[in-house]
S.K.: 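What follows is a structure written as structure tokens; I'll ask about it next.
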There are 2 protein chains.
Amino acid sequence: MTEQARGVEEPPNDRAQLLLRTLIECYIREGEPVGSRTLSRESGLSLSAATIRNVMADLEDHGFVSSPHTSAGRIPTDKGYRLFVNTMLRYKPPGMAEIAELRRKLELRAGDPKALVTAASQLVSGLTHLAGVVTVPRETHASLSQIEFVGLSGNRVLAILVVNGREVQNRVLQLERFFPPDELRRAGTYLNDQFRGQELAGVRAQLVKQLQETREQMNRLMTDTITLAQRAFAIHPGDGEADMVIAGETNLMGLAELSNVDRLRRLFEAFSEKRDILHLLDQSLHGEGVQIFIGHESGYTILDDCSVVAAPYTQDDRVVGVLGVIGPTRMAYERVIPLVDIAARMLSSALNLRD
Amino acid sequence: MTEQARGVEEPPNDRAQLLLRTLIECYIREGEPVGSRTLSRESGLSLSAATIRNVMADLEDHGFVSSPHTSAGRIPTDKGYRLFVNTMLRYKPPGMAEIAELRRKLELRAGDPKALVTAASQLVSGLTHLAGVVTVPRETHASLSQIEFVGLSGNRVLAILVVNGREVQNRVLQLERFFPPDELRRAGTYLNDQFRGQELAGVRAQLVKQLQETREQMNRLMTDTITLAQRAFAIHPGDGEADMVIAGETNLMGLAELSNVDRLRRLFEAFSEKRDILHLLDQSLHGEGVQIFIGHESGYTILDDCSVVAAPYTQDDRVVGVLGVIGPTRMAYERVIPLVDIAARMLSSALNLRD
DNA sequence: AACTAGCAATCGACCTTGCCGAGTGTCAAG
DNA sequence: CTTGACACTCGGCAAGGTCGATTGCTAGTT
């Protein structure tokens, strides 16, 4: 029994790999099934079409390529793309001009995370002609810089939290009783003195503890202050769950592989639902560097025939979000992957720019 | 010379109108060109197909219908739809269940304009199976309830404006020098005493006047306070220009009349550009009640084959935005128009709910 | 043993043809 | 003014045919 005959999952030999690479490059370029004659011309090897057919039959047996029907060349399978991406990709880094544009447009928005994310999404979308997607940074470590209370009409109070010295969060609290302005001010001063510079999560924990201790002493004023603070520091809707910004979805329209209108609609609905896409991107949060999900690998049938290339980005050396693109499986990986990589780095550095 | 022969723009006679109405109702229902036999069956008049053909020829001469080609029935032109909508529409108001759903889901979000607008957009989109679009309320009259300053890192100061007793605006100001906390507090107290309850625009004007008067007295502290305030009340980016929320764009996919992929893409690009759509909706801001733009009437070629049904909504008896839907010219006007009307009223009342 | 050439078979893409049905315009008769 | 009859037009559909590309296989070559 030869190795071949056993039909196990060993990688194909060098020649077959070269041919697979040529085939995938051709297919990505042309978008049409590649036949043996074309490969014989383009591979660089001086092999006849007949020989190539034999190799192709092997590759098909091993599941790297498939034929849409008898007598239309071969197209890569997800497994074929995976091998291609893993072991035989020749990266083409973006040109200096593109890098410069990225840097310029991102640095322009340094200091405003929301604008940065939007810009990054639009930039990668524009440069790749695919859909760009960036999750908004999650507040992993949110240290309290300042808190203020402002009385609104009725029993409502506006809590303003300044976090990490630059981001501002507003929370409107509906309270049980009216708090006069000076009481609000006193509460603010107390909290600022007590908790400035600490993590929000930690503050919450301490407040609970204090509340129990103080309640025993029946100090009404203190209890109220702490209750007020607890409300302000309560988990905010949207605190934990991430959000994302998508740009250039329209680039996906008119792509041959998504010509099925119904599939395209479901894809767009997935974009506005966000849930599945976010779950997928979450997986890139852990793991370093560029992650690539090819076709069914994502696990979401909506993304069949689509690939996702994503890279985490950091703030203060912690991963806080993911930048990536979504496009057809047949995308120019050799250009997209380095671009996503660089864009994620630039976004990180723009996020960390202090002003 | 008979009236007919003069070929002027007089409306067609009753019978022709009835036939036109039947034709349009048929076409909206079926989506296919309507022939003379169908009309003869459905019109209720006992006329033969031949007679109807004569009437149709007249209607075509007057530009109310057109034939895609010889020997395919007739379809309405924009002008035909216009006459239909203006003079012979039989409204079908939405059912109680739908009205109840609208009211419930909107009242749930009373007090949060942004959430209201999003919900309204999704609701009308869902009920009509078209794209829902709502402009966010413009702050026509913004009376200052309260202003507070919070020092941030560096020379930056966060200004918090509470407007109309409920809406909160944050503005980060990059200042020339450092303002210590007590100076910020004094400025806040001064401005609150001076301007509480006044219109933002008025405040701006008064500040300019005060600045000139005070400058002559060389009161450094006062000048600085006023400069600070001026910055806080400066025209905010996005203050003047409106924004909007679109929901259910995907409903437009797969509609026969938008099957042209390229047209669909341009339409979606117009959605994300927003500019043209906003201009169009602006026209509905003035004018009362439901406005309808049919096909080319909008003046934007992107919206050819599309109609826009929109109605302004109010806050404190002033028009502050527009609620509407975008769909194919061939839409069920008799259901959509009353729905948009009611939805706009409900949005108004939800906006005016005090809590 | 590896490679190649040749060949038949297969299949999709594309075009033509013919035909059907739906629809129109016209005309003469009622 | 209405009607039925007739000729004509056009899109859609199915059947059939050609063309080209590609494959699998086999037999021959290096």
Side-chain angles (χ1 to χ4, degrees), chain A residues 1-5 12-20 22-24 26-27 30-77 80 256-257 259, chain B residues 2-5 12-20 22-24 26-27 30-77 256-257 259:
Chain A
M1 251 192 220
T2 71
E3 287 214 343
Q4 296 271 353
N13 60 36
D14 284 358
R15 194 180 63 182
Q17 287 215 21
L18 175 66
L19 284 172
L20 179 57
T22 318
L23 182 144
I24 295 184
C26 259
Y27 182 65
E30 314 286 346
E32 275 166 16
V34 186
S36 51
R37 181 136 75 244
T38 319
L39 279 179
S40 144
R41 258 187 286 109
E42 305 231 358
S43 67
L45 304 174
S46 41
L47 289 181
S48 80
T51 313
I52 296 195
R53 283 201 282 281
N54 289 325
V55 180
M56 284 303 146
D58 284 358
L59 285 176
E60 185 158 2
D61 285 346
H62 287 75
F64 294 110
V65 297
S66 72
S67 6
H69 58 84
T70 353
S71 148
R74 306 293 212 297
I75 58 173
T77 60
E257 31 272 290
S259 58
Chain B
T2 68
E3 286 214 345
Q4 295 272 353
N13 61 35
D14 284 358
R15 194 179 63 181
Q17 287 216 21
L18 175 66
L19 284 172
L20 179 57
T22 318
L23 182 144
I24 295 184
C26 258
Y27 182 65
E30 315 285 345
E32 276 166 15
V34 186
S36 51
R37 179 135 76 245
T38 319
L39 280 179
S40 144
R41 258 188 288 106
E42 304 232 358
S43 68
L45 305 175
S46 41
L47 289 181
S48 82
T51 312
I52 296 196
R53 284 200 283 279
N54 289 325
V55 180
M56 282 305 152
D58 284 359
L59 285 175
E60 185 156 6
D61 284 347
H62 287 75
F64 294 110
V65 297
S66 73
S67 6
H69 58 84
T70 358
S71 144
R74 306 291 210 299
I75 58 173
T77 61
E257 31 273 289
S259 58

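Residue numbering restarts at 1 for every chain, and letters A, B, ... go by the order of the sequence lines.
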S.K.: So does Ser66(A) get a backbone contact from the side chain of Thr77(A), meaning a donor-acceptor N/O pair under 3.5 Å?
M.R.: no

S.K.: I'd like the 5' and 3' limits of the part of DNA chain C contacted by chain B, with heavy-atom contacts below 4.0 Å.
M.R.: dA22(C) to dT26(C)

S.K.: Holding to side chain to side chain donor-acceptor pair (under 3.5 Å), I want the full list of residues that pass it with Glu32(A), two or more places apart in sequence or in another chain.
M.R.: none

S.K.: Glu30(B): what forms a salt bridge (charged side-chain N to carboxylate O under 4.0 Å, His left out) with it, not counting sequence neighbours?
M.R.: none

S.K.: Sequence neighbours left out, what passes side chain to side chain donor-acceptor pair (under 3.5 Å) with Ser71(B)? Give chain and number order.
M.R.: none

S.K.: What are the two closest non-hydrogen atoms of Ala16(B) and Leu59(B), and how far apart are they?
M.R.: O-CD1, 4.0 Å

S.K.: Would you say that Leu23(B) contacts Met56(B) through its side chain, given a criterion of any heavy-atom pair below 4.5 Å between the two side chains?
M.R.: yes

S.K.: For the residue pair Tyr27(B) and Val34(B), what are the closest heavy atoms and their distance?
M.R.: N-CG2, 3.9 Å

S.K.: Using distance only, find each side-chain donor-acceptor pair of residues 40-53 of chain B under 3.5 Å and give its atom names and separation, not counting sequence neighbours.
M.R.:
residue  : atom : partner  : partner atom : Å
Ser40(B) : OG   : Leu47(B) : O            : 3.1
Ser43(B) : OG   : Leu39(B) : O            : 3.2
Ser43(B) : OG   : Leu45(B) : N            : 3.2
Ser43(B) : OG   : Leu45(B) : O            : 3.4
Ser48(B) : OG   : Ala50(B) : N            : 3.2
Ser48(B) : OG   : Thr51(B) : N            : 3.4
Ser48(B) : OG   : Thr51(B) : OG1          : 3.2
Arg53(B) : NH1  : Ser36(B) : OG           : 3.2

S.K.: What is the 5' to 3' range of DNA chain D, first to last nucleotide, that sits under 4.0 Å from any heavy atom of chain A?
M.R.: dA21(D) to dG24(D)

S.K.: How would DNA chain D look in dot-bracket form, 5' to 3', counting Watson-Crick and G-U wobble pairs with both distances under 3.5 Å and writing | for bases paired to another strand?
M.R.: ||||||||||||||||||||||||||||||

S.K.: What pair of heavy atoms forms the shortest contact from Leu20(A) to Gly80(A), and how long is it?
M.R.: CD2-O, 4.3 Å

S.K.: So, using side-chain contact (heavy atoms from CB on, under 4.5 Å) as the criterion, who are the partners of Thr70(B) when residues are at least two apart?
M.R.: none

S.K.: Which of residues 38-54 of chain B sit near DNA chain D, with a heavy atom under 4.0 Å from it?
M.R.: Ser46(B), Leu47(B), Ser48(B), Ala50(B), Thr51(B), Arg53(B), Asn54(B)

S.K.: I'd like to know if the side chain of Ser67(A) reaches the main chain of Gly73(A), judged simply by a donor and an acceptor atom lying under 3.5 Å from each other, with no hydrogens or angles considered.
M.R.: no

